[in-house]
Amino acid sequence: MKDKRARVVRCIRTLPAGTVSSYGALAKAAGWPGAARQVVRILHQVPGLAWHRVVGSGGAIKLCGEQAAEQRFRLRMEGVTFRGARVDMKRHEFHFSKVKLARSR
DNA sequence: AGGGTGACGATCA
DNA sequence: ATGATCGCCACCC
């Protein structure tokens with residue numbers, strides 16, 4: 001359904017610079033649990049999203065080669081720190097509020 | 001309709 | 001920590 005997709009997009013858009021979220025957590029936050037792969041697809045389809053703020057569970061960069069480098073670069077540029085090969089989730093993971101998220105109020 | 005695929009996730013050896 | 005496997009779900013041929 002497209003609602004879910006729109007919701008995912010909205011969630012991604014609410015991610016502040018300097019924070020990250022995981023594909024799975026993001027899907028869940030958007031009310032679409034287990035749709036990590038769909039989130040991936042959306043990131044591919046919808047241009048203009050902060051795709052670099054979405055990482056794998058535990059803060060792992062799931063891309064390969066230059067794409068991975070690009071993502072790390074962009075994140076570090078936003079102030080995100082790493083713990084080894086992964087994002088330091090303890091400090092940067094974004095916790096979506098329970099509240100129905102950002103319907104502009 | 002059927003089968004393959006993917007910027008995933010959790011689990012197990 | 002690494003690699004294999006299975007579950008998941010929408011999209012594409």
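Chain letters run A, B, ... following the sequence lines, proteins first, then strands; residues in each count from 1.
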Sorted by chain and number, sequence neighbours left out, salt bridge (Lys or Arg N to Asp or Glu O under 4.0 Å) with R91(A) holds for D88(A)
Exercise for review: Verify, without hydrogens or angle tests, whether H92(A) (side chain) and T81(A) (backbone) share a donor-acceptor contact under 3.5 angstrom.
Suggested key: yes
Pick out the pairs of N or O atoms, protein on one side and nucleotides 3-8 of chain C on the other, that lie under 3.5 Å.
residue: dG7(C); atom: O6; partner: R37(A); partner atom: NH1; Å: 3.3

Quick one: side chains of residues 35-45 of chain A, donor-acceptor pairs under 3.5 Å with protein atoms, not counting sequence neighbours, listed by atom name and distance.
residue: Q45(A); atom: OE1; partner: R5(A); partner atom: NH1; Å: 2.9

In numerical order, the residues of residues 43-52 of chain A whose heavy atoms come under 4.0 Å of DNA chain B are L43(A), H44(A), W51(A)
Do any side-chain atoms of residues 55-71 of chain A form donor-acceptor pairs under 3.5 angstrom with protein atoms, and if so which ones, sequence neighbours left out?
residue: E70(A); atom: OE2; partner: R74(A); partner atom: NE; Å: 2.9
residue: Q71(A); atom: NE2; partner: H52(A); partner atom: O; Å: 2.9
residue: Q71(A); atom: NE2; partner: V54(A); partner atom: O; Å: 2.9

Same apolar cluster (I L V M F W Y, side chains within < 4.5 Å links), F82(A)/M89(A) | yes
Between CZ of R41(A) and P of dC12(C) the distance, given in whole Å, is 7 Å
Hits for side chain to side chain contact (heavy atoms under 4.5 Å, CB included) against S21(A), two or more places apart or cross-chain, chain-then-number order -> L15(A), A25(A), L26(A), F96(A)
DNA chain C nearest-nucleotide lookup for R86(A) and Q38(A): closer to the 5′ end is R86(A)
Whole-Å distance, R5(A) CZ to dA10(C) C1', equals 10 Å
Residues at least two apart in sequence or cross-chain that pass side chain to side chain contact (heavy atoms under 4.5 Å, CB included) with P16(A), listed by chain then number, are T19(A), F94(A)
Within residues 59-74 of chain A, those residues having any heavy atom closer than 4.0 Å to DNA chain B are K62(A), L63(A)
Contacts satisfying salt bridge (charged side-chain N to carboxylate O under 4.0 Å, His left out) that involve residues 15-34 of chain A (not counting sequence neighbours) are none
Contacted region of DNA chain B by chain A, from 5' end to 3' end of the hits, cut-off under 4.0 Å to heavy atoms, spans dG6(B) to dA10(B)
Sequence neighbours excluded, the answer for side chain to side chain contact (heavy atoms under 4.5 Å, CB included) partners of A17(A) is R53(A), E78(A)
